[in-house]
Trainee: 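Quick one: the structure is below, questions incoming.
Since this is a predicted model, take the numbers as computed values, not measurements.
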Amino acid sequence: MKLLLDSTRCQGYGLCQEHAPDLVELDEWGYAKVVAVAVPAGAEETARACAESCPNSALRVEG
(Lines give C-alpha, C1' and ligand atoms only; values in the text may rest on other atoms or scores of the structure.)
Protein backbone atom coordinates (compact mmCIF):
# COMPACT_ATOMS: atom_id res chain seq x y z
CA MET A 1 0.00 0.00 0.00
CA LYS A 2 1.22 3.50 -0.85
CA LEU A 3 0.26 6.96 0.35
CA LEU A 4 0.56 9.40 -2.55
CA LEU A 5 0.43 13.19 -2.54
CA ASP A 6 -0.62 15.49 -5.36
CA SER A 7 1.23 18.58 -4.13
CA THR A 8 -0.61 20.83 -6.60
CA ARG A 9 -3.83 20.17 -4.67
CA CYS A 10 -2.42 20.70 -1.17
CA GLN A 11 -3.59 23.96 0.40
CA GLY A 12 -1.71 23.60 3.68
CA TYR A 13 -4.60 22.83 6.05
CA GLY A 14 -2.49 20.28 7.94
CA LEU A 15 -5.37 17.92 8.74
CA CYS A 16 -3.52 14.98 7.22
CA GLN A 17 -0.61 15.31 9.62
CA GLU A 18 -2.96 15.24 12.61
CA HIS A 19 -4.13 11.77 11.53
CA ALA A 20 -0.77 10.36 10.47
CA PRO A 21 2.23 12.16 11.97
CA ASP A 22 4.44 9.16 11.16
CA LEU A 23 3.47 9.24 7.47
CA VAL A 24 3.16 12.96 6.72
CA GLU A 25 5.09 16.00 7.85
CA LEU A 26 4.40 19.65 7.15
CA ASP A 27 6.84 22.18 5.77
CA GLU A 28 7.27 25.63 7.30
CA TRP A 29 4.18 26.91 5.45
CA GLY A 30 1.97 23.96 6.43
CA TYR A 31 2.12 22.07 3.14
CA ALA A 32 2.25 18.29 3.31
CA LYS A 33 5.21 16.09 2.49
CA VAL A 34 4.78 12.32 2.55
CA VAL A 35 7.49 10.83 4.75
CA ALA A 36 6.57 7.19 4.17
CA VAL A 37 5.27 6.49 0.66
CA ALA A 38 5.17 2.78 1.44
CA VAL A 39 2.69 2.44 4.30
CA PRO A 40 4.13 0.27 7.07
CA ALA A 41 2.25 -2.86 8.13
CA GLY A 42 -0.39 -2.00 10.69
CA ALA A 43 -0.74 1.62 9.53
CA GLU A 44 -3.21 1.00 6.72
CA GLU A 45 -6.23 2.46 8.55
CA THR A 46 -4.15 5.47 9.60
CA ALA A 47 -3.17 6.07 5.97
CA ARG A 48 -6.79 5.86 4.85
CA ALA A 49 -7.91 8.29 7.57
CA CYS A 50 -5.10 10.62 6.56
CA ALA A 51 -6.16 10.63 2.91
CA GLU A 52 -9.84 11.01 3.76
CA SER A 53 -9.14 13.99 6.03
CA CYS A 54 -7.82 16.13 3.16
CA PRO A 55 -10.50 18.59 2.03
CA ASN A 56 -8.78 18.98 -1.35
CA SER A 57 -8.19 15.28 -2.03
CA ALA A 58 -4.47 15.88 -2.30
CA LEU A 59 -3.70 12.49 -0.73
CA ARG A 60 -4.74 9.07 -1.92
CA VAL A 61 -4.03 5.49 -0.96
CA GLU A 62 -3.12 2.91 -3.61
CA GLY A 63 -2.77 -0.82 -3.33
Trainee: Give the cluster check for Leu5 versus Val37: same hydrophobic cluster or not, with ILVMFWY residues linked at side-chain heavy-atom distances below 4.5 Å.
Mentor: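 Cluster IDs for Leu5 and Val37 match.
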Trainee: When rounded to the nearest 0.5 angstrom, what distance separates NZ in Lys33 from SG in Cys16?
Mentor: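 If we round to the nearest 0.5 Å, Lys33:NZ and Cys16:SG are 13.5 Å apart.
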Trainee: Of all heavy-atom pairs between Val34 and Leu3, which one has the smallest distance, and what is that distance?
Mentor: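 Between these two residues, the closest heavy atoms are CG1-O, 3.6 Å.
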Trainee: Can you find a heavy atom in the side chain of Leu15 that is under 4.5 Å from one in the side chain of Pro55?
Mentor: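 With C-beta onward as the side chain, the pair touches.
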Trainee: Looking at side-chain heavy atoms only, is the closest gap between Met1 and Arg48 below 4.5 Å?
Mentor: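 Counting from C-beta outward, Met1 and Arg48 do come under 4.5 Å.
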Trainee: Please tell me if the side chains of Pro40 and Leu23 come closer than 4.5 Å, counting only heavy atoms from C-beta onward.
Mentor: yes
Trainee: Minimum heavy-atom separation for Leu26 and Ala32, please, with both atom names.
Mentor: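 Looks like CD2-CA, 3.9 Å.
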Trainee: Could you tell me the separation between the CD atom of Glu45 and the SG atom of Cys50, rounded to the nearest 0.5 Å?
Mentor: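 Those atoms lie 12.5 Å apart.
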Trainee: Is the shortest side-chain heavy-atom distance between Ser57 and Arg9 below 4.5 Å?
Mentor: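 Yes, their side chains come closer than 4.5 Å.
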Trainee: Compare every heavy atom of Glu44 with every heavy atom of Ala41, then report the nearest pair and how far apart it is.
Mentor: CA-OE2, 3.8 Å
Trainee: Check whether any side-chain heavy atom of Cys10 lies under 4.5 Å from a side-chain heavy atom of Asn56, and answer yes or no.
Mentor: no
Trainee: Using a 4.5 Å cut-off on heavy atoms from C-beta on, say whether the side chain of Glu62 contacts that of Leu4.
Mentor: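 Yes, close enough: below the 4.5 Å cut-off.
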